[in-house]
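Input: a single structure, listed below in structure tokens.
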Amino acid sequence: MTIKKLIVQKYGGATLADPEKIKHAAKRIFELHQSGIQVVVVVSAMGQTTNQLIDLAKQVSIRPQLRELDMLLTVGERISMSLVSMALNDLGCPAISFTGSQAGILTDESHVNANIIDVKAFRVEEALKENKVVILAGFQGVSPITKEITTLGRGGSDTSAVAMAGYLNADRCEILKDVDCIYTADPKLVSNAKPIKHLNYRQLIEMTSWGAKVLHHRSVEMAQQKKVILYVGPASNSLSDGTIVTSDFEFTQQQAIAINSFDQVFQLEMHAPISEAAKDLNEVLQKNQIGRPQFLYSESTTHLITGPQEILNAIETFESKQDTYKIKNKRYSSVSVTYSQTVSDAEMQTSEALLNKNNIKIFKSFSMLNSLHFFVSTDQKNEAIQILHSQIT
Ligand code: ASP
Ligand code: MG
């Protein structure tokens, strides 16, 4: 008996934004299934649905309860999953949709930014045995402790897809988007951003931890842990090369591979030594279910912190209510260069010289294993990105 190939495909919100796009996705899924491959599809909410649901919550409540917010937000993916399943059944393709909890996506107890702790996808396996395509609502799970429905943080349906691919031992996990692949920089900011054909997990983790929005950062960490091969490509074209992410890929030489940024860096004042302050802040954020910021860089009692905007917004809202920390300034942005290999002083000197020559004032610079980071004034962020990108050949 030959073992059938299994592919997990994740369709992003933009690729399911209207009924035509949903029908297009269904056609692609149907063709894959007809070619003899088992298919599990993970969907995001259609277009801007999640943002609209958040706005709606804000119109009825100043500070929506996080449990209720999760009840509301999970609706978005539920709309997509049922519509995709209907469109597939219409084409004659047997399909069934499941919510995160029906599919056994188990999370911790936190709301709005829960972590997947286990997968027990028995119903998914049963449906696959019946030769059905399974459509799974991304971005959501259930806590086996509280029995509550949870969500995985903005962009979290990538993580749902990787978790399912890991559990099912899928041949690969395809993240399908309205862009063609992963680029060397955000093409909206850098007109000559170039496609990246191949990356390893470590490089993509570095990129997503420092602002690349192409994938949910936790999804890449999970892909590395579970050894899930990732493909990032356009939903509109099944033949595109896209970007492949594996563990063993290496560039043949040292080179800058991507530039990413976070819009805001907060300078926080906390009256505690570095390690305690980091712990305290993380505890405060966890307790209030804000989630962990991407990064904390400290000098004495001043701590520089950055991360996804929704986490910074939460830190800001929370600041006014207590005295654990004070936001001293938020005039900076981070701009990061990810390298193919370990960086040395030489790379730092080249980048610093380039920024200096172009009159970009560097507020702080530092290197990590495979990356360089520059905190620059927010008005100079886009220019700094373009200048640093000029190093990428
Ligand atoms: N719909 C959710 C969001 O926009 C999850 C996702 O798209 O992955 O954040
Ligand atoms: Mg979305």
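Just so you know, ligand 1 is whichever comes first in the structure, and atom 1 is the first atom listed for that ligand. Source: prediction; values computed, not measured.
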Review point. Do the side chains of Tyr339 and Ile257 get nearer than 4.5 Å, heavy atoms only?
Key: no

Review point. Are the side chains of Lys226 and Val162 in touch, meaning some heavy atoms are under 4.5 Å apart?
Key: no

Point to revise | Atoms in ligand 1 flagged as close to Ser44, the criterion being non-hydrogen separation under 4.0 Å | key: 6 (C), 7 (O), 8 (O)

Exercise for review: Could you tell me which non-hydrogen atom of Leu215 sits nearest to which non-hydrogen atom of Thr208, and how far apart they are?
Suggested key: O-CG2, 3.5 Å

Review point. Purely on distance, is any nitrogen or oxygen of Lys10 under 3.5 Å from one on ligand 1?
Key: no

**Study point:** Any His216 heavy atom less than 4.0 Å to ligand 1
**Key:** no

**Study point:** Sidechain N-carboxylate O distance under 4.0 Å for Lys10, Glu174
**Key:** no

Check your understanding: Would you say Asp158 has any N or O atom under 3.5 Å from an N or O of ligand 1, going by distance alone?
Key -> no

Check your understanding: Asp379: what forms a side-chain hydrogen bond (donor to acceptor under 3.5 Å, both in side chains) with it, not counting sequence neighbours?
Key -> Ser377

Check your understanding: Is it true that Gly155 lies under 4.0 Å from ligand 1, counting heavy atoms only?
Key -> yes

**Study point:** Sub-4.0 Å heavy-atom approach of Gly156 to ligand 1
**Key:** yes

